[in-house]
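Below you'll find the structure, written out as structure tokens, and then a few comments.
As the structure lists them, so they are numbered: ligands from 1, and atoms in each ligand from 1.
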Amino acid sequence: MSDTAAIIPAGGSGIRMGLDTPKQFFALGGIPILIHTIRVFTQSPSIGQIIVAVPEQYLQSTIDLLDKYALQDRCTVVAGGTHRQDSVRAGLKVLENNPLVAVHDAVRPLISPELIEQTIGKARVTGAAMLAIPVKDTLKKVNEQGGIIKTIDRSTLWQAQTPQVVRADLLRKAFAAADNDGFVGTDEASLLEHIGLPVTVVEGSERNIKITRPEDLLVAEALLHHEKSGNIDMHGLRIGQGFDAHRLVGGRPLILGGVNIPHSKGLLGHSDADVLVHALCDAILGAMGQGDIGRHFPDSDPQYKGADSLVLLSKVMDLAQAGNFSMINADITVIAQEPKLVPYFEDMLDNLARTCGVSRNVINIKATTTEKMGFTGRGEGIAAQAVVLLVKSCS
Ligand code: MG
């Protein structure tokens, strides 16, 4: 039942991180933090609409980013304000008919679908629920001179996390009251408290950290790495290989690894004929035991005419993700007499790593000629082969 809209305020400036770009766009394991966060929400069955509120100047770049990660169909992007409250208000304006709203910090990418579902489940019953964790450190009240005034009893203290899930009508009411009173809260629960509405706590996780400082990013990288490698079942390792070849003809662009390469000829095909990406797709599908690219994206289907093969690759990776597969490594060889491809490897790697959601060091690209022998040697076509290793995690 998709009865909940997610609003993800991503209005931070990244000042505390000492970065030029806001921290939500900073890479975690090779992927922007915001993309990690959105992906988790797409895995929660209760989530329908996903609204992302970003600073006005990042509207277009966010739309482009979602496009790159094939998330554009799931998300609505709006211009947020300077305060979190302004961003959430902007999100509420484009809310469809969802009875519940889950507000989640863009910079808490390690949230799990299970915790999102638990919080939503509680809010369905109580009207408003949020994640929080009991305070574990001893707390001191300190004066301006650094002297301790007293030790605070922490037994009833909890640290707020997100998501905070609220019935849409209650959240609208809380916003109207806050606007009327000029009240600014640091989270949605405080707006509800302001008008005396109860909010229930659901125990969150220490893993659900908020990335606000550079050291938080290190912790998040470690947690992410542990999550990926900690669940590996060695029996879940799957290898796949792919091979593809396309004919070189005049009047077509030459696209390899998503890069448009200047050449007198290009590859002929129903899609953009990106032979490198096709070989990689086939290798991934092979490892998953899911047939080949032709089965998933048939030549006869007009929607794939002239298709950007990176989009096909991202769909293949969606299948991999749905099957709990992640890529350990991929090795690709392009077989071409000409042109020289080495100058384009970096851009190709960027495209493939981004589309596959992996770090660049996971993928290797190389090229060879066939010493003028055979069809590739005569320049009649270009071929590519790929090998990938995937692992199926037992989650
Ligand atoms: Mg092909």
Side-chain angles (χ1 to χ4, degrees), residues 68 70 238-320 325 327 329-341 344-345 347-358 363-370 373-390:
K68 272 181 202 164
R238 300 288 298 257
I239 196 164
Q241 69 95 29
F243 175 82
D244 195 22
H246 281 260
R247 188 179 290 276
L248 274 169
V249 295
R252 289 268 301 183
L254 176 60
I255 296 166
L256 290 172
V259 179
N260 202 327
I261 297 168
H263 191 50
S264 56
K265 292 175 175 179
L267 294 172
L268 184 64
H270 183 64
S271 66
D272 64 5
D274 190 329
V275 69
L276 185 163
V277 172
H278 292 182
L280 179 60
C281 287
D282 268 352
I284 298 165
L285 289 167
M288 291 192 289
Q290 290 267 358
D292 64 13
I293 194 172
R295 183 175 122 194
H296 294 269
F297 315 108
D299 287 6
S300 51
D301 189 335
Q303 72 164 305
Y304 301 118
K305 186 166 166 47
D308 176 352
S309 294
L310 289 176
V311 173
L312 306 185
L313 176 61
S314 88
K315 290 186 178 190
V316 168
M317 287 308 293
D318 286 346
L319 279 175
F325 284 102
M327 189 185 286
N329 76 310
D331 183 25
I332 308 160
T333 305
V334 183
I335 306 152
Q337 195 60 43
E338 53 178 14
K340 280 255 171 291
L341 299 176
Y344 307 100
F345 279 3
D347 287 346
M348 292 179 188
L349 269 181
D350 275 343
N351 288 341
L352 299 182
R354 188 185 65 234
T355 309
C356 293
V358 297
I363 301 176
N364 185 65
I365 303 176
K366 52 200 193 298
T368 186
T369 72
T370 48
M373 296 179 287
F375 73 89
T376 54
R378 292 188 297 269
E380 292 165 17
I382 292 180
Q385 52 193 39
V387 182
V388 305
L389 186 63
L390 303 184

* Structure fact -> Of all heavy-atom pairs linking Leu267 and Leu248, the shortest is CD2-CD2, 3.7 Å
* What N/O/S atom of His278 gets nearest to the Mg ion (ligand 1)? -> ND1
* Asked: Do other residues, nucleotides or ligands put more than 12 heavy atoms under 6.0 Å from Arg247 CZ?
  -> no
* To do: Please find the N/O/S atom of His246 nearest to the Mg ion (ligand 1) and write down its name.
  => NE2
* Asked: So, for Gly257 and Asn351, which heavy atoms are closest and what is the spacing to 0.1 Å?
  -> O-ND2, 3.0 Å
* Search all heavy atoms of His246 against all heavy atoms of Ala273 and return the closest pair with its distance. => ND1-CB, 3.7 Å
* Structure fact -> min-distance N/O/S atom, Asp244 vs the Mg ion (ligand 1), resolves to OD2
